[in-house]
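Taking it in order: structure first as structure tokens, then the write-up.
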Amino acid sequence: MHQYKAPQASPYTDAPYRPLLRLFLSHPNPTQSLLIFLQMLHQCEHFPDKFTFPFVLNAASGLKAFRVGRVFHGMVIKASLSSDVFILNSLVYFYGSCGDLDLAYGLFMKIPRKDVVSWNSMITAFVQGGYPEGALELFRGMEKENVKPNDVTMVGVLSACTKKLDLEFGRWVCSYIERNEISVNLTLSNAMLDMYWKCGGIEDAKRLFDKMLEKDIFSWTPMLDGYATLGEYDEARHVFDAMPCQDIAAWNALISAYEQNASAQLGAMDLGRWVHVYIEKQGINLNCHLMTSLIDMYTKCGDVEKAFEVFYSAERKDVFVWSAMIGGLAMHGRRRAAIDLFSKMLEAKVKPNSVTFTNVLCACSHTGLVNEGRTLFYQMELVHGVVSEDKRYACMVDILGRSGLLEEAVELIEKMPMASSRLLELDPGNHGAYVLLSNIYAKIGKWDRVSGLRKVMRDSGLKKEPGCSSIEVNGIVHEFLAGDNCHPLSKEIYSKLDEIASRLKSIGYVPNKSHLLQLIEEDNMKDHALSLHSEKLAIAFGLISMAPSQPVRVVKNLRVCGDCHSVTKLISKLYVREILLKDRYRFHHFRGGHCSYMDYW
DNA sequence: GTAGGGTTAG
């Protein structure tokens with residue numbers, strides 16, 4: 001309908017500018033790319049053509065800039081380019097990146113002649129959007145439509161297997177790749193490797209890794225991560241030494257693996273130190289991220305001084321570094337130090353966030369600094385503009401409850417913007433707030449509220465984790481559940497517990513059964529089972545199997561109960577033992593009949 | 001010109 005025009009004169013081509021645009025749009029910073037693009041739209045008379053939109057959409061995908069991408073989609077339609085398969089594929093990928101799977105899928109379905117990239121874009125969108133089943137269904141759909149999958153397809157499919165932890169199907173995919181002679185490049189090998197590790201095909205992973213001729217950081221990191229997660233720290237160290245270069249991701253993989261592993265908090269301390277020394281030796285730049293991980297690791301392993309060393313060595317400290325150190329001090333009952341550090345943070349003009357407040361409130365909560373806690377709580381919003389969240393309300397309620405200010409605690413609960421019935425919606429996986437509220441209600445005798453809360457928990461299918469304690473003896477981690485008699489030395493452990501009980505009785509100790517919190521957390525237990533809590537089993541095992549000079553280090557997944565706390569204090573005196581007990585919230589250091597937490601268990 | 005792998009702090 002239009003007469004022919006030279007390309008540079010047509011409003012629908014940017015051909016003269018394309019090389020320049022491409023250069024700008026491949027800029028590592030997509031914001032810059034988009035700004036340059038928008039500037040060009042304003043300044044030149046040419047309208048972007050079909051070769052430019054994929055670049056532009058890519059930049060929007062990288063930024064997850066939904067509204068910007070929507071505008072581009074509109075421009076595509078206006079320019080009658082909405083049947084171009086390249087642009088459609090980019091749009092599918094764009095909507096997927098923004099997490100809108102419905103829009104992505106709707107568009108995908110409307111692509112008249114889908115090519116393999118269309119399928120791959122949609123498969124990737126499903127995998128990255130947390131819907132691996134959809135990805136696998138599409139893979140089957142491709143077969144039906146006779147579209148031949150390529151190596152990129154297989155990366156997506158393997159990624160879906162990894163998300164589903166489906167080793168069997170993952171293995172089938174690997175054999176499919178072989179049968180169909182799909183070219184296996186480094187990326188695909190790495191995807192296979194990751195799938196094997198994450199799905200538990202450890203031997204397959206090792207075999208594949210040994211067979212690989214070419215390896216990069218994406219091949220090494222899963223190996224490192226795999227061994228560290230398995231607790232095979234010697235192997236992890238070998239892998240690390242063999243790595244041609246160790247980047248920040250590798251370090252983080254290693255450090256976060258320790259934290260997720262229960263034994264990490266007990267026995268991996270040596271490796272943790274080694275990691276730190278290695279980082280220093282290699283002259284790796286300790287960024288704030290890594291610094292935070294190290295501080296966290298040291299405090300979780302019980303070495304506050306080492307954490308302090310890291311903290312003070314930092315030239316620049318962001319809010320994460322400060323918060324981690326404050327949290328670490330709180331965890332160890334170093335209340336003054338935690339509060340002083342918070343003041344220093346304010347002096348350093350670092351703006352506290354909600355986590356900082358939670359941590360500093362925890363320091364008050366653990367050790368009964370009721371006035372400081374109250375002041376901070378009310379300053380938080382007024383002075384610092386941090387909005388209260390349920391976690392911090394919980395801390396404040398805890399402070400008041402522990403100090404016997406039950407009326408004030410109840411008042412605060414009533415005033416909470418989120419009523420107790422809404423707590424589940426806020427944080428469905430966390431029943432800590434329930435336990436706390438139950439505890440408060442129980443203390444003031446509001447039993448109807450307690451049973452009401454328990455009903456909500458039961459109805460919502462909130463599973464109570466069973467209490468479990470671990471102890472490392474001679475490099476082996478032993479785990480105990482409450483009332484457990486699976487351990488080979490079970491008989492000896494129970495006779496040690498009997499001995500402990502009679503020695504405690506002889507000095508006039510009466511078991512404390514009033515710890516309702518624990519009855520709620522471990523409610524399968526009856527009162528008479530109080531003496532069988534997992535931490536007591538672990539401590540008894542430590543006493544019979546370790547040299548008297550060695551401190552007994554126990555890690556419990558839940559909060560330690562009041563009776564166990566009192567008993568452990570007495571054991572530390574009667575048996576002249578140093579006992580370190582790490583529970584879900586804090587680090588108790590028992591020595592000579594005292595705990596670093598005093599009477600605040 | 002479009003699609004792909006590890007890490008992501010309290």
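Every chain is numbered from 1, with letters handed out A, B, ... down the list of sequences.
- The distance from atom CE of A/M142 to atom C1' of B/dG4 is 13 Å, rounded to the nearest whole Å.
- Taking the side chain of A/D151 as heavy atoms from C-beta on, and the options B/dG10, B/dG4, B/dG6, the nearest nucleotide is B/dG4.
- The aromatic ring of A/F320 sits over the base of B/dA9, with ring centres less than 5.5 Å apart and planes inclined by under 30°.
- Per the geometry, CD1 belonging to A/I182 stands 15 Å off C1' belonging to B/dA3, to the nearest Å.
- Taken residue by residue, residues 115-128 of chain A places heavy atoms nearer than 4.0 Å to DNA chain B at A/V117, A/N120, A/S121, A/T124, A/Q128.
- For A/F209 and B/dG6, the CZ to P distance is 16 Å, given to the nearest whole Å.
- Here the two rings, on A/Y95 and A/Y105, have centers that are 6.0 Å apart or farther.
- The ring pair (Phe, Tyr, Trp, His ring centres under 6.0 Å) search around A/F218 returns none, not counting sequence neighbours.
- Each of B/dG10, B/dG1, B/dG6 was ranked by its minimum atom distance to the side chain of A/D84; first place goes to B/dG1.
- Using a 4.0 Å heavy-atom criterion, one finds that A/Y93 contacts the sugar-phosphate atoms exclusively.
- Aromatic pair A/W119/A/F108: ring centres closer than 6.0 Å.
- Residue A/L91 contributes atom CG, which lies 14 Å from atom C1' of B/dA3 at whole-angstrom precision.
- Protein atom CE of A/M223 is 13 Å distant from nucleotide atom C1' of B/dG6, rounded to whole Å.
- A donor N or O paired with an acceptor N or O is not found under 3.5 Å between the base of B/dG1 and the side-chain atoms of A/N58.
- Across all strands, A/I217 comes closer than 4.0 Å to base atoms (heavy-atom distances).
- Side chain of A/V155, nearest nucleotide from B/dG1, B/dG4, B/dG6: B/dG4.
- The closest side-chain donor-acceptor pair between A/N58 and A/S61, if any, does not fall under 3.5 angstrom.
- Note on A/K317: every side-chain N or O is 4.0 Å or more away from OP1 and OP2 of B/dG10.
- A/I87 comes within contact range of at least one nucleobase, with a heavy-atom separation under 4.0 Å.
- Here A/K215 lies out of heavy-atom contact (under 4.0 Å) with every strand.
- A/N150 comes within contact range of at least one nucleobase, with a heavy-atom separation under 4.0 Å.
- Per the geometry, CG belonging to A/N359 stands 15 Å off P belonging to B/dA9, to the nearest Å.
- Residues A/R113 and A/E145 are not paired through a salt bridge, judged by the lack of any N-O separation under 4.0 Å between the basic side chain and the carboxylate.
- In this structure, a donor-acceptor pair under 3.5 Å is absent between the side chains of A/N89 and A/N120.
- Checking side-chain atoms of A/N180 against main-chain N and O of A/Y176 turns up a donor-acceptor pair under 3.5 Å.
- To the nearest angstrom, C1' of B/dG10 lies 8 Å from CG of A/N353.
- At whole-Å resolution of the value, CD1 in A/I177 and C1' in B/dG4 are 12 Å apart.
- Among the atoms of the strands shown, base atoms are found under 4.0 Å from some heavy atom of A/L186.
- Side chains of A/D216 and A/S219: a donor on one and an acceptor on the other come within 3.5 Å.
- Once the 5.5 Å centre distance and the 30° plane angle are applied, the aromatic ring of A/F86 is found stacked with the base of B/dG1.
- Of the candidate nucleotides B/dG4, B/dT2, B/dG10, B/dT2 has the atom lying nearest to any side-chain atom of A/P54.
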